[in-house]
There are 2 protein chains.
Amino acid sequence: MEYKEYIEKFFNQGHKHYLSHISIDCVVFGFHENELKVLLLNMKNLNSWVLPGGFILKDEEMETAVKRILTERTGLTDIFLHQFQTFGGLSRSSFTVPELFFKNLQIKKDSWMFDRFISVGYYALVEYSKVKPIPDILSEKCEWFNVHDLPELAHDHRHIFDEAWQSLRFWINHYPIGYNLLPEKFTMPDLQKLYETILDRKLDRRNFQRKMLATGILNRLNEVKPGVAHKAPYLYTFNIAAYEKTLKTGFGFAL
Amino acid sequence: MEYKEYIEKFFNQGHKHYLSHISIDCVVFGFHENELKVLLLNMKNLNSWVLPGGFILKDEEMETAVKRILTERTGLTDIFLHQFQTFGGLSRSSFTVPELFFKNLQIKKDSWMFDRFISVGYYALVEYSKVKPIPDILSEKCEWFNVHDLPELAHDHRHIFDEAWQSLRFWINHYPIGYNLLPEKFTMPDLQKLYETILDRKLDRRNFQRKMLATGILNRLNEVKPGVAHKAPYLYTFNIAAYEKTLKTGFGFAL
DNA sequence: TCAAAAGTGTTCCCACTACACCCATGG
DNA sequence: CCATGGGTGTAGTGGGAACACTTTTGA
């Protein structure tokens, strides 16, 4: 039984490979059908939902660990990451689970997994359509949820999610966004929907367009979106050079 | 020899009391004679300067640990704290020191202190005049430095400092500042100097005053600063209720 | 009495807001 | 041919930037 063996090794030997007391929790945002989505895992035997997360190998950069974890869950490489907060509460016990979980498993009572964890929170922005959600060994499901319709989350993960979303809302007032959330070609209404969804409020169509064009991070293509009713909107791509530059310097406007 | 005993116990037994692999580094800002200052420690026998820092007890909230550490270094309680970033680089080896340091000490080669550390960065804002800098057991000096004239810092502490200052500069565009950096009564020029020092640029005297008064976080007293040449400026205090409220909501202007 | 510092008010301008009109397309 | 959605222009406004004059006081 591969699962049993893996779990036992992970609980009983994991501290030899991973930094103890430190975990990573990720809030993975995607955008699909005008909805902001978050990737969640369902723990085996527990029926509880959690954020994707993991641990740092002893000889691994922290950010490399985050990318490794997210690549395992999404199949993507080159993911936009933002470290938004580190959670150090005492009450955020990492792994209190019913005995049920351990039926048939031989796990030491002093496993590193039962220790207290400080968790570094990252949010990630990914292109929904490219993600193939993959459960980890402890989970049986890995699914997208609308941010307005999340299930109950275990531990302090609801709090972590709230902080991530708030941080994202703050961020988009100062730095460009979208390159990692939209397909390569997109329309101005697409981009606006993305902003409206993240900010959770309506924006003026005309002012939005003017501001966005003023940033200089967009290229308007000589194409319009095919196969749509009514007037077809232009397609845009991001001007990567300008986009990257603005990611460093930021811009000043607020939506 | 108390020192020897303490150090040996700390290196050889510390992992029983503290979370391993996790440290805290603090950038303590003070304001004095129109200069922005930072508190640094000089390590015994090493003559290298470092940021004040420490570790988290196993049953201690992370923020409590930070406060404990800073109370030990400054004598202050109730310090303004802001967690600005967590550093997880591989190269930031926590404690690589010359053998010299360990002369006469019996320290195990596998001490937890030689492990790799992830460090949570906080900056603190304190009232310079109230601080009594106190070295820790590993240090022989604890001193203020002008931010423009820092000595070379060990490990990645220069990088941590740079990130802290940058974060502080960003912060003051969105949230009030000064309550923790200025004496209870201060003048508008004092407050402006503080802003100018943190932002590292000149601000217009008249526009600054108008904006500050517009925030509603200041009380003008019916007193002027005594014993100054030329026209005496009014004294102000912070309106704590409004200040605290704005700390939560933020304000929108940029300087 | 004068230099230096502080208090206050005014103008200008830009950027954000709130709107209205025209255009293109598929049903 | 018309309803729907997308592209563009404009007038109004509020806040920030730039700036000048007056007031106070010690040297």
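Every chain is numbered from 1 and lettered A, B, ... according to where its sequence line falls, protein lines coming before strand lines.
Taking atom CD of Glu223(A) as the reference point, atom P of dG6(D) lies 18 Å away to the nearest angstrom. A straight line from CG of Leu235(A) to P of dG7(D) spans 10 Å, rounded to a whole angstrom. Nucleotide dG14(D) holds its C1' atom 15 Å from the CG atom of Asn207(B), rounded to whole Å. A straight line from NZ of Lys202(B) to P of dA18(D) spans 15 Å, rounded to a whole angstrom. The CD-P distance, from Gln192(B) to dA5(C), rounds to 13 Å in whole Å. Atom P of nucleotide dG16(D) and atom CZ of Phe251(B) are separated by 11 Å, given to the nearest angstrom. Rounded to whole Å, the distance from CG on Asp204(A) to P on dC16(C) is 13 Å. Across the protein-nucleic acid pair, Leu203(B) atom CG and dG16(D) atom P stand 13 Å apart, rounded to whole Å.
Considering only side-chain atoms of Arg210(A), the nucleotide from dG16(D), dG6(D), dT10(D) that sits closest is dT10(D).
Between the CD1 atom in Ile79(B) and the CG atom in Leu70(B) there is a gap of 4.5 Å [rounded to 0.5 Å].
Partners of Asn239(B) under the side chain to side chain donor-acceptor pair (under 3.5 Å) rule, at least two apart in sequence or in another chain, do not exist in this structure. For Asn180(B), the side chain to side chain donor-acceptor pair (under 3.5 Å) test picks out no residue, with sequence neighbours left out. For the side chain to side chain contact (heavy atoms under 4.5 Å, CB included) test, residues two or more places apart in sequence or in another chain that qualify with Tyr128(A) are His32(A), Lys37(A), Trp144(A). Every side chain to side chain contact (heavy atoms under 4.5 Å, CB included) that Lys193(B) has, sequence neighbours left out, goes to Phe31(B), Asn34(B), Glu196(B). Taking Phe87(B) as the reference, Phe84(B), Gln85(B), Arg92(B), Asp156(B), His159(B), Ile160(B), Glu163(B) meet the side chain to side chain contact (heavy atoms under 4.5 Å, CB included) condition, with sequence neighbours excluded. Residues satisfying the side chain to side chain donor-acceptor pair (under 3.5 Å) test with Lys185(A), not counting sequence neighbours, are Glu223(A). In this structure Glu140(B) satisfies the salt bridge (Lys or Arg N to Asp or Glu O under 4.0 Å) test with no other residue, sequence neighbours excluded. Legend: residues meeting side chain to side chain donor-acceptor pair (under 3.5 Å) with Thr197(B), ordered by chain and number and at least two apart, are absent. Judged as a side chain to side chain contact (heavy atoms under 4.5 Å, CB included), and not counting sequence neighbours, the contacts of Val147(B) are Phe29(B), Leu36(B), Val38(B), Phe161(B), Trp165(B).
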Expected string for nucleotides 22-27 of chain C under the B/S/- scheme (protein heavy atoms, under 4.0 Å, primed atoms plus P, OP1, OP2 as sugar-phosphate) is -BBBS-

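Two residues, Arg205(B) and Arg220(A), neighbour DNA chain D, and the one matched to the more 5' nucleotide by heavy-atom proximity is Arg220(A).
Proximity of Lys225(A) to the phosphate of dG5(D): no side-chain N or O atom is located under 4.0 Å from OP1 or OP2. Residue Gln209(A) places no side-chain N or O under 4.0 Å from the OP1 or OP2 atom of dG6(D).
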Set out, line by line, the N/O atom pairs under 3.5 Å between protein and nucleotides 11-14 of chain C.
none

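Not a single donor-acceptor contact under 3.5 angstrom links the side-chain atoms of Arg206(A) to the base of dG7(D).
Within residues 183-191 of chain B, the residues that place at least one heavy atom under 4.0 Å from DNA chain C are, in residue-number order, Pro189(B).
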Intermediate values then yes/no, side-chain hydrogen bond (donor to acceptor under 3.5 Å, both in side chains), Thr77(A) and Thr71(A): CA-CA 6 Å; Thr77(A) 55; Thr71(A) 299; over 6 Å; no

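Checked against the 6.0 Å centroid criterion, the rings of Tyr123(A) and Trp171(A) do not qualify as a close aromatic pair.
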